[in-house]
Enquirer: 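Below you'll find the structure I mean.
By convention in this document, chain letters (A, B, ...) are assigned in the order of the sequence lines, proteins followed by strands, and residues within each chain are numbered from 1.
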4 protein chains.
Amino acid sequence: MTRALRADAARNRSLLLAAATEEFASRGMDASVADIARRAGVGKGTVFRHFPTKDDLIAAIVLDRVDSLAELARSLYQAPDAGAALFEFLAAAAGKQQQLDFSFLRDAGEINDRLASARERLFAAIVALVERAQGAGAVRTDVTGLDVILMMCVPSHVVSFVPGAGPELWRRYLALVIDGLRPEGAHPLGPASPMSV
Amino acid sequence: MTRALRADAARNRSLLLAAATEEFASRGMDASVADIARRAGVGKGTVFRHFPTKDDLIAAIVLDRVDSLAELARSLYQAPDAGAALFEFLAAAAGKQQQLDFSFLRDAGEINDRLASARERLFAAIVALVERAQGAGAVRTDVTGLDVILMMCVPSHVVSFVPGAGPELWRRYLALVIDGLRPEGAHPLGPASPMSV
Amino acid sequence: MTRALRADAARNRSLLLAAATEEFASRGMDASVADIARRAGVGKGTVFRHFPTKDDLIAAIVLDRVDSLAELARSLYQAPDAGAALFEFLAAAAGKQQQLDFSFLRDAGEINDRLASARERLFAAIVALVERAQGAGAVRTDVTGLDVILMMCVPSHVVSFVPGAGPELWRRYLALVIDGLRPEGAHPLGPASPMSV
Amino acid sequence: MTRALRADAARNRSLLLAAATEEFASRGMDASVADIARRAGVGKGTVFRHFPTKDDLIAAIVLDRVDSLAELARSLYQAPDAGAALFEFLAAAAGKQQQLDFSFLRDAGEINDRLASARERLFAAIVALVERAQGAGAVRTDVTGLDVILMMCVPSHVVSFVPGAGPELWRRYLALVIDGLRPEGAHPLGPASPMSV
DNA sequence: GATGAATGAGTATTCATTCAT
DNA sequence: GATGAATGAATACTCATTCAT
């Protein structure tokens, strides 16, 4: 499908993905392509050779992340402790998100078919993890998989408000989120969970 | 200090704040000044007469909100049930944020001195509410006022990911956040709370 | 419909139309908007305030020209000598085109509804002139109005090939074109005239 | 002088000239080098190995055409009927031009010495044809060879304005041009013919 | 005071051309 | 020799901000 890249081209592609990830993380989603190119140490044109559109660049970053999270979710489905498996997954997700907010998932469908279906697969894998954790009594039964997916992006978002945040601060807020998902001390949630994102 | 505004000028100022709030809410933070002016029914120049900078306009909106939340926090400090008081405050905050994310607080200091000190007052009032709620056993004692402040913006953020979200959906995620703040079923939080935002 | 322009704005609009006409004439249709702005002595943004799109600028120029030619064609329809009337019209058209080739008429329809219908009116007026000239025996009867319209752009095109062409050189080639349209010495034309442009 | 090309190189050169001709014909003079390379089935770099510049590629195409027209003009000089010979030549020129407008001749001199002198030879041959046709009474004597050369590009230009033009439509306008060149019904031409193009 | 015209720095994107593989 | 990756100048267009009316 995708031709094997020449060594230098492959290298530039990685540099670009890395640079873009950092730039989006620090400047927000409207970081300029020019800045990304500069950070990657390549010419502006090179960005467009690899990603015909800024949106394609974004999609590529998200796709990477979504695919690797889905991979992880699927492998954790085999873990013996269902509750621990889910929480480990959430930790992995939160850690990754430190670098890049999950916001693009919002309109992933509009951007890219491939991305949209990768998202579906990720969501399905997470839902499975959640349901298994509920079966094991580790997660309250009045939350849905979608609720968990939505709360998954909380730690990185919260931490983004803290100027000199330490690299592990997200763990604190993930812990808080998880405690909210536990059966102990659960109170009624009010409105029903949304059907989809 | 602040000159009394002529009646029409005062009216324009309110129209602008309202228009800007709506526009930011629906188009995001990079809504254009021209659109805001059009929605307010005034010329573009008028926007800049009232707010020398787009950032100043934003700051004015946030200031309004911060001040009214601080007011509320102070009045709830008198309420008999300390836990209910805090939770009611969080509900009010989440409801307001539905229209405009709290993100500007992030760099409030850089934007505007007046805003920065309003923020300090708001934070102090929230910290007081939290400590009283902890004293009443309604909130776990290993969270700080700042933790609560940070979690306060979660519901509106989460809801922003849901396309056709109902107007009350934020209550669901506020409930989840609050359940995480309760003493029941609390697990250790890991990293220490940050000292400031 | 179109608000009355402020004096300075009206001035800029004319400056822009003039500058664009010259620039397009000398650099061809892909003269840059920046150059046009510079030639008009205004900022780049001003071009876009007056003409939202480069194509709109082009359309405005052509519309002016088309409308004034149509006007002329209609008034010449009253002239006593039908042949002379047509030839005078062709001279006027060729003279104007010296500054700007007629090429945009080619895809005028794609550009602009208003322009498309102005073109229709122009063509109708020319066809009327041609038919009257044929009735008077001044033009061979095997050519159509459309043929004449097509040949109308020949003088300016031909002259564009001559580097230091004098300002009246187009008259020489118009004379040649007109001699081809006369009944004397007419030979069969081969393929039928197209139905439309 | 010109090294003999390796067989494959020669082949690529032809492929490129053919591809470029087609691409220019259908996309206009700003067809992209990349598209030309793709159509020829070679890499972009190969284009530049053969033609250091896009302009050189254009010049090469024109040179081919100019040389073959000159060849034709010279051979037609032997034909018994001088008028028919000239008209046949014009038909050949118009037919070729259907694929590629003659416009580059305009600045041929600036582009390329070799092209400039090929053009001189072509013009000389045409002038000879014209003068012979005038001697035979087939062409009016107040036109110069240069006039005829200039009118030669009319048919393809005119036809370019007709959207769904049939492949022979140019013949109609060539007939019109030729009728203008005949002695019958000739009227005075006004300005003198230019000395050069 | 209000208006909207003018401005120009900034943005994504294209494309001829160069050069490492 | 051939390839296609890299480059950066150029282009149309946007928008916060200034200023003449």
Side-chain angles (χ1 to χ4, degrees), chain A residues 3 5-13 16 30-38 40-57, chain B residues 5-9 12 30-38 41-57, chain C residues 3 5-13 16 30-38 40-57, chain D residues 5-9 12 30-38 41-57:
Chain A
R3 284 254 129 267
L5 248 34
R6 248 169 54 182
D8 54 348
R11 187 177 141 67
N12 275 344
R13 190 174 198 280
L16 275 170
D30 44 3
S32 90
V33 172
D35 285 347
I36 291 170
R38 193 168 319 116
V42 305
K44 218 177 347 165
T46 305
V47 181
F48 289 95
R49 153 161 287 273
H50 286 276
F51 309 97
T53 271
K54 190 185 177 182
D55 277 352
D56 289 323
L57 170 55
Chain B
L5 250 34
R6 260 175 41 184
D8 56 344
N12 275 346
D30 43 3
S32 89
V33 172
D35 284 348
I36 291 170
R38 193 170 316 118
V42 305
K44 226 184 331 174
T46 305
V47 181
F48 287 95
R49 161 160 296 272
H50 286 279
F51 309 98
T53 272
K54 190 186 180 182
D55 278 351
D56 289 321
L57 170 55
Chain C
R3 285 252 129 264
L5 248 33
R6 249 170 51 181
D8 54 347
R11 189 177 140 65
N12 276 344
R13 189 172 199 280
L16 276 170
D30 44 4
S32 91
V33 172
D35 285 347
I36 291 170
R38 193 171 316 117
V42 304
K44 220 184 337 169
T46 303
V47 182
F48 290 98
R49 153 162 286 273
H50 286 276
F51 309 97
T53 270
K54 190 184 178 182
D55 278 352
D56 289 323
L57 171 55
Chain D
L5 252 31
R6 261 173 42 183
D8 55 345
N12 275 346
D30 42 4
S32 88
V33 173
D35 284 348
I36 292 170
R38 192 168 320 117
V42 306
K44 224 183 335 173
T46 305
V47 181
F48 288 95
R49 161 160 296 273
H50 286 278
F51 310 97
T53 272
K54 190 185 179 182
D55 278 351
D56 289 321
L57 170 55

Enquirer: Round to a whole Å and report the spacing from CG of A:Asp30 to P of F:dA16.
Expert: 12 Å
Enquirer: Check this one for me: any side-chain N or O of D:Asn12 less than 4.0 Å away from OP1 or OP2 of F:dA2?
Expert: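 It does, given that an N or O in the side chain of D:Asn12 lies less than 4.0 Å from OP1 or OP2 of F:dA2.
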Enquirer: Please determine if a side-chain N or O atom of C:His50 lies less than 4.0 Å away from the OP1 or OP2 oxygen of E:dA6.
Expert: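 True: C:His50 side-chain N/O within range (under 4.0 Å) of E:dA6 OP1/OP2.
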Enquirer: Can you tell me which nucleotide in E:dG8, E:dA16, F:dT17 comes closest to the side chain of B:Val33?
Expert: F:dT17
Enquirer: Given E:dT13, E:dA6, E:dT3, which nucleotide is nearest the side-chain atoms of B:Val42?
Expert: E:dT3
Enquirer: Mind checking C:Ala40 for me? I need base, sugar-phosphate or nothing, with any heavy atom below 4.0 Å counting as a touch.
Expert: nothing
Enquirer: So if I take every side-chain heavy atom of D:Arg49 and compare against E:dG10, F:dA2, E:dA12, which nucleotide ends up nearest?
Expert: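 Closest nucleotide among those given: F:dA2.
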Enquirer: Using a 3.5 Å limit on both distances, find every run of at least three consecutive Watson-Crick or G-U pairs that involves DNA chain E.
Expert: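 Stems found: E:2-21 with F:2-21.
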Enquirer: Would you say a side-chain N or O of A:Lys54 is under 4.0 Å from OP1 or OP2 of E:dA12?
Expert: yes
Enquirer: What does B:Ser32 touch in the nucleic acid at a heavy-atom separation under 4.0 angstrom: a base, only the sugar-phosphate, or nothing?
Expert: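 Touches sugar-phosphate only.
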Enquirer: If the threshold is 4.0 Å, N to carboxylate O, is there a salt bridge linking C:Asp8 and C:Arg11?
Expert: no
Enquirer: Please tabulate the protein-to-nucleotide N/O contacts below 3.5 Å involving nucleotides 19-21 of chain F, giving atom names and distances.
Expert:
none

Enquirer: Any side-chain N or O of A:Thr53 under 4.0 Å from OP1/OP2 of E:dT13?
Expert: yes
Enquirer: Among A:Thr46, A:Val33, A:Leu16, A:Ile36, find the one that has a side-chain contact (heavy atoms from CB on, under 4.5 Å) with A:Phe51.
Expert: A:Leu16
